[in-house]
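Numbering starts at 1 and runs along the sequence shown. Just follow the structure's listing: the first ligand is 1, and inside any ligand the first atom is 1.
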Amino acid sequence: MIRDPESFNILLDTVERFVRERLIPREAEVAETDAIPADVLDEMRRMGLFGLTIPEQYGGLGLTMEEEVRVAFAWCKASPAFRSIAGTNNGIGSVGIVLDGTEAQKNEYLPRLASGELIGSFALTEPGSGSDAGSLTTSARREGDHYVINGAKRYITNAPQAGLFTVMARTDPSTKDASGVSAFIVERDTPGLTIGKPDRKMGQRGAQTADVIFDNVRVPAENIIGGVEGRGFKTAMKVLDKARLHIAAVCVGAAARILDEALRYAAERRQFDHAIGEFQLVQAMLADSQTELYAAKSMTLDAAKKRDDGEPITMEAACCKLFASEMVGRVADRAVQIHGGAGYMQDYAVERFYRDVRLFRLYEGTSQIQQLVIARNMLKQARRK
Ligand code: COS
């Protein structure tokens with residue numbers, strides 16, 4: 001749903017120009033330094049990019065899902081790291097509070113997330129609990145009007161920069177599954193909370209991840225999201241439903257950029273007295289990429305519109321995340337192939353994107369987890385008939 005096409009097109013034009021003129025020229029610097037430059041961060045804050053999805057009453061732009069995915073298509077034509085630094089504020093770092101938080105929690109934290117003053121982060125994964133998220137062992141023990149959190153979280157996006165964490169922890173020690181998990185809002189400077197060294201990753205430099213360690217971290221009881229124990233896993237799953245659709249849009253944006261690079265190279269590079277784009281075997285790679293990109297874009301828009309209409313989209317979001325993340329992997333692979341030896345060289349953007357996009361098939365649920373979510377939902381629907 002596009003609420004006001006005229007103002008939305010202005011926003012989209014602004015993002016497209018920003019990507020072209022300000023972000024793409026800084027990609028090599030981000031890859032080199034593993035950080036987003038401070039002036040770019042400031043500009044992103046001023047443009048409202050940290051608060052795209054946060055409701056207007058809490059200082060954000062309150063984009064609908066369709067608007068959000070369309071902005072992501074444009075934004076993600078630049079290195080994924082530029083979106084990632086604000087991605088948690090617009091997604092997994094704020095959505096738990098937006099969907100299930102109390103009014104007091106929303107008022108306290110959403111305006112600062114929307115402005116980018118605080119970076120939000122989502123702490124679900126642990127050393128021993130990845131795909132089986134419900135088996136997490138980080139504990140939150142009630143002590144008077146506080147909870148005491150102990151445990152460790154792993155590969156937490158934006159942890160080194162975060163001021164605020166949504167932390168899933170077990171409040172009912174008698175359970176070992178999803179039922180005993182609660183979600184907490186934990187501020188970065190709470191005593192006992194430490195962040196590990198940034199992980200050394202295959203790609204996506206500039207989008208940092210790290211361990212987050214909780215050693216007797218005392219959190220006020222009112223920081224449990226929604227004020228009720230035992231709902232944390234469901235909150236996390238609802239957050240991931242939306243996040244998976246967003247990641248599908250990120251993959252579409254990245255694939256469009258990678259394909260632009262491949263197309264330009266195919267038009268310029270000459271072999272056997274012809275531009276290589278004139279050869280049908282190269283054309284097949286371009287055409288297959290364009291076709292799959294169009295399919296991923298169409299399904300992502302369709303699911304986004306369904307979510308805006310209030311329909312459940314757990315299965316559709318998983319379909320989009322599965323298809324789009326696998327699609328961008330194939331597009332990146334073909335783009336390297338079209339570039340030939342040059343595609344293996346760091347001087348060309350496709351080499352970096354090839355490594356960057358590999359993550360999309362892993363995080364926010366692996367492709368295999370998406371398959372499982374899709375099939376489970378199909379069976380659930382079939383049982384209802
Ligand atoms: N929305 C709302 N509630 C949901 C839900 C969703 N999308 N998915 C599951 N739930 C609910 C279920 O209805 C169930 O509640 P009841 O017990 O009241 O029926 C509860 O949550 C547990 O669900 P389920 O039994 O399906 O949980 P499983 O332990 O089998 O795990 C998967 C389900 C595998 C889908 C989940 O663990 C998962 O998504 N894993 C991947 C985690 C991930 O993406 N990590 C990435 C890192 S975070 S960036």
How far is atom 2 (C) of ligand 1 from its nearest protein heavy atom, and which residue and atom name does that atom have?
Lys238 CG, 3.8 Å
Is Leu240 touching ligand 1 with its side chain, its backbone, both, or neither, if touching means heavy atoms under 4.0 Å apart?
side chain
Between Asp333 and Gly329 (side chain of the first, backbone of the second, donor and acceptor by atom type, cut-off under 3.5 Å), is there such a pair?
no
If you measure from atom 5 (C) of ligand 1 to every heavy atom of Arg231, Met237, Lys234, which option wins on shortest distance?
Met237
Any protein heavy atom sitting closer than 4.0 Å to atom 48 (S) of ligand 1?
yes
Tell me if a side-chain donor or acceptor on Arg355 pairs with a main-chain N or O of Met202 at a distance below 3.5 Å.
yes
What protein heavy atom is closest to atom 35 (C) of ligand 1, reported as residue, atom name and distance in Å?
Val373 CG2, 3.7 Å
Heavy-atom contact under 4.0 Å between Tyr363 and ligand 1?
no
How far is atom 46 (C) of ligand 1 from its nearest protein heavy atom, and which residue and atom is that?
Gly365 N, 3.4 Å
Logged contact type for Arg244 with ligand 1, heavy-atom cut-off 4.0 Å, is side chain
Arg170 and Thr175: side-chain donor and acceptor closer than 3.5 Å?
yes
For Gln368 and Ser131, which I'm curious about, is there any donor-acceptor pair between the side chains at under 3.5 Å?
no
Closest to atom 22 (C) of ligand 1 among protein heavy atoms sits Phe233 CE2, 3.6 Å
For ligand 1, which atoms have a heavy atom of Thr314 less than 4.0 angstrom away?
7 (N)
Enumerate the atoms of ligand 1 whose separation from the nearest heavy atom of Ala133 is less than 4.0 angstrom.
37 (O), 42 (C)
Under the 4.0 Å line, does any protein heavy atom show up next to atom 15 (O) of ligand 1?
yes
Ligand 1 atoms in contact with Asp241 (distance to a heavy atom under 4.0 Å)
1 (N), 6 (C), 7 (N)
Ser131 and ligand 1 - part of the residue with a heavy-atom distance under 4.0 Å
backbone
Does Val19 offer a backbone N or O that forms a donor-acceptor pair with the side chain of Lys77 under 3.5 Å?
no
Residue and atom name of the nearest protein heavy atom (relative to atom 33 (C) of ligand 1), distance in Å to one decimal:
Arg376 NH1, 3.6 Å
Min heavy-atom dist Ile369 to ligand 1 below 4.0 Å:
yes
Could you tell me whether the side chains of Gln204 and Tyr363 share a donor-acceptor contact shorter than 3.5 Å?
no
Between Asn90 (side chain) and Leu49 (backbone), is there a donor-acceptor pair under 3.5 Å?
yes
Just by distance, with hydrogens left out, do Asn158 and Thr88 show a side-chain donor and acceptor under 3.5 Å apart?
yes
Check the side chains of Asp199 and Thr209 for a donor-acceptor pair under 3.5 angstrom, ignoring hydrogens and angles.
yes
Ignoring hydrogens and geometry, is there a side-chain-to-backbone donor-acceptor pair from Gln105 to Thr102 under 3.5 Å?
yes
Going by the 4.0 angstrom heavy-atom rule, the piece of Thr157 near ligand 1 is neither
Under the 3.5 angstrom rule, does the side chain of Asp100 hit a backbone N or O of Ile225 as a donor-acceptor pair?
no
Are any non-hydrogen protein atoms located under 4.0 Å from atom 7 (N) of ligand 1?
yes
May I ask you to list the atoms of ligand 1 that are less than 4.0 angstrom from any heavy atom of Thr125?
47 (C)
Between the side chains of Thr314 and Asn377, is a donor N or O closer than 3.5 angstrom to an acceptor N or O?
no
